[in-house]
Amino acid sequence: MIYDVVIIGAGAAGLMCAAQAGYAGKRVLVLDHANKAGKKILMSGGGRCNFTNLGTTPQHFYSSNPYFCISALKRYRPEHFVELVERHGVEHVEKTPGQLFCATSAKDIVHTLLTECEWAGAEIRLSTQVTRVEQQGSAMRLTTSIGKIDAGVVVIASGGLSIPSMGATGFGYDIARQFGLEVFATRPGLVPFTLSDSWKARATELSGLSVPVAVSAGSRRFVEPMLFTHRGLSGPAMLQISSVWQPGESISIDLLPNENVAESLREARQETPKRQLSTWLGERFPKRFAQALLEWYPDHDLARPLAQYANAALDEWAQRLNAWQLKPAGTEGWRTAEVTMGGVNTDAISSKTFEVKGLPQLRFIGEVLDVTGELGGYNFQWAWASGVACGQAV
């Protein structure tokens with residue numbers, strides 16, 4: 001079996017690359033050990049797939065080389081992918097500014113990609129194991145469960161380690177190391193936090209409750225909803241900050257991001273001195289959460305009016321509400337992580353063609369690289385952009 005291009009991984013980046021290479025007249029084969037193409041696409045976005053973000057810029061990505069992603073993102077922009085899905089009749093909705101989801105099902109995105117591959121003449125072989133990849137002069141040879149395959153170019157689009165139940169493995173990193181490439185340490189990203197001891201019990205009692213917050217860690221800050229769960233904290237705010245949080249660190253949660261609590265409490269004490277703190281909290285938070293806050297910090301008489309609170313006591317509440325310091329026990333790990341932080345060092349990869357410098361017959365695209373987007377459709381846009389750049393260059 002001889003092909004111009006063999007792509008390992010029938011996910012977002014791999015299928016996009018296959019279609020582009022096929023349209024360019026190459027004989028293309030896509031291999032995947034899974035029994036279904038685009039498994040992570042199908043389960044993403046609650047089954048509706050947040051397939052791009054109209055506001056995509058390089059600033060929405062993490063990488064040891066922040067400049068690497070610029071070229072591909074400039075050449076294949078969100079509007080290009082929107083035009084593609086609209087051409088295939090895929091209806092979509094903008095749930096929050098810039099975030100586009102399928103109106104009905106993520107199956108529409110997979111169907112679009114598979115149709116493109118079919119039209120481009122790219123073959124797809126599923127339930128196929130690749131056990132060896134080796135250089136054969138100016139070409140490559142793969143040992144697989146369906147026999148030996150020779151390829152002019154091999155593209156690694158095998159993704160990262162997130163959601164192993166979907167078939168994620170470290171295959172791409174193993175291949176990178178085999179050919180002498182550096183692989184930065186990987187860790188789960190866009191993943192819920194777990195809490196321990198009393199905080200876990202408190203979160204469990206509030207499970208299912210969502211509140212808008214601003215969360216900070218290091219130099220990053222996100223203003224998004226936070227969700228209490230049986231294990232800890234989730235929701236967009238926590239998923240976002242998990243990508244920059246380091247184990248052992250605390251995160252700072254502003255429960256009232258649009259309000260200076262110290263000033264508000266002083267004003268309330270001045271204007272409505274008989275009002276109780278519980279009433280003030282109840283005006284700003286869901287009833288369950290306001291009640292929980294009072295139980296967490298039982299340092300007062302609930303019937304005490306604001307007039308009896310000294311400045312120091314009000315400042316304590318301001319600190320709790322505007323800068324709640326919390327140290328997560330950890331994260332839920334690879335099981336629920338949406339992405340992989342770290343990966344193949346991009347210094348060894350061409351940002352134009354995605355070939356390994358000095359070894360153009362081997363290329364890496366998508367999540368396997370040390371390029372990770374924030375929450376909100378950015379990682380799919382990176383898959384499309386890197387897939388197109390590579391597919392047009394092979």
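Note: hydrogens, waters and symmetry copies are ignored here, and every other heavy atom, side chains too, is used. Bear in mind the structure is a predicted one, so any value in this text is a computation, not a measurement.
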(request) Report yes if the side chains of Leu281 and Trp317 come closer than 4.5 Å at any heavy-atom pair, otherwise no. (result) yes

(message) Quick test of your reading: applying ring pair (Phe, Tyr, Trp, His ring centres under 6.0 Å), list the pairs with at least one residue in residues 12-34, sequence neighbours left out, ordered by first then second residue.
(response) none

(request) May I have all residue pairs that pass side chain to side chain donor-acceptor pair (under 3.5 Å) and include part of residues 383-394, sequence neighbours excluded? (result) Gln20-Gln392

(request) Sequence neighbours left out, what passes salt bridge (charged side-chain N to carboxylate O under 4.0 Å, His left out) with Arg187? Give chain and number order. (result) none

(request) Name all residues meeting the salt bridge (charged side-chain N to carboxylate O under 4.0 Å, His left out) criterion together with Glu123; count only those two or more places apart in sequence or in a different chain, and write none if there are none. (result) Arg27

(message) I need the full list of side chain to side chain donor-acceptor pair (under 3.5 Å) pairs touching residues 338-349, with sequence neighbours left out, sorted by first then second residue.
(response) Glu182-Asn345, Thr340-Glu367

(request) Please name all residues satisfying salt bridge (charged side-chain N to carboxylate O under 4.0 Å, His left out) with Arg266, sequence neighbours left out, ordered by chain then number. (result) Asp315

(message) Strictly by ring pair (Phe, Tyr, Trp, His ring centres under 6.0 Å), give each pair with a member in residues 242-274 just once, sequence neighbours left out.
(response) Phe193-Trp245

(request) List for me each residue that meets salt bridge (charged side-chain N to carboxylate O under 4.0 Å, His left out) alongside Glu134, sequence neighbours excluded, and say none if there are none. (result) Arg132

Side chains of residues 194-203: which donor-acceptor partners sit under 3.5 Å, not counting sequence neighbours?
residue, atom, partner, partner atom, Å
Thr194, OG1, Gly330, N, 3.3
Thr194, OG1, Gly330, O, 3.3

Donor-acceptor contacts under 3.5 Å from residues 97-104 side chains, at least two apart:
residue, atom, partner, partner atom, Å
Gln99, OE1, Thr96, OG1, 3.2
Gln99, NE2, Thr96, OG1, 3.2
Thr104, OG1, Asp108, OD2, 2.9

Could you tabulate the donor-acceptor pairs under 3.5 Å formed by side-chain atoms of residues 285-294, not counting sequence neighbours?
residue, atom, partner, partner atom, Å
Arg288, NH2, Glu205, O, 2.9
Arg288, NH2, Leu206, O, 3.4
Gln291, NE2, Glu295, OE2, 3.4

(request) Among residues two or more places apart or on two chains, list those pairs meeting ring pair (Phe, Tyr, Trp, His ring centres under 6.0 Å) that have a residue in residues 351-370. (result) Phe68-Phe354, Phe354-Trp382

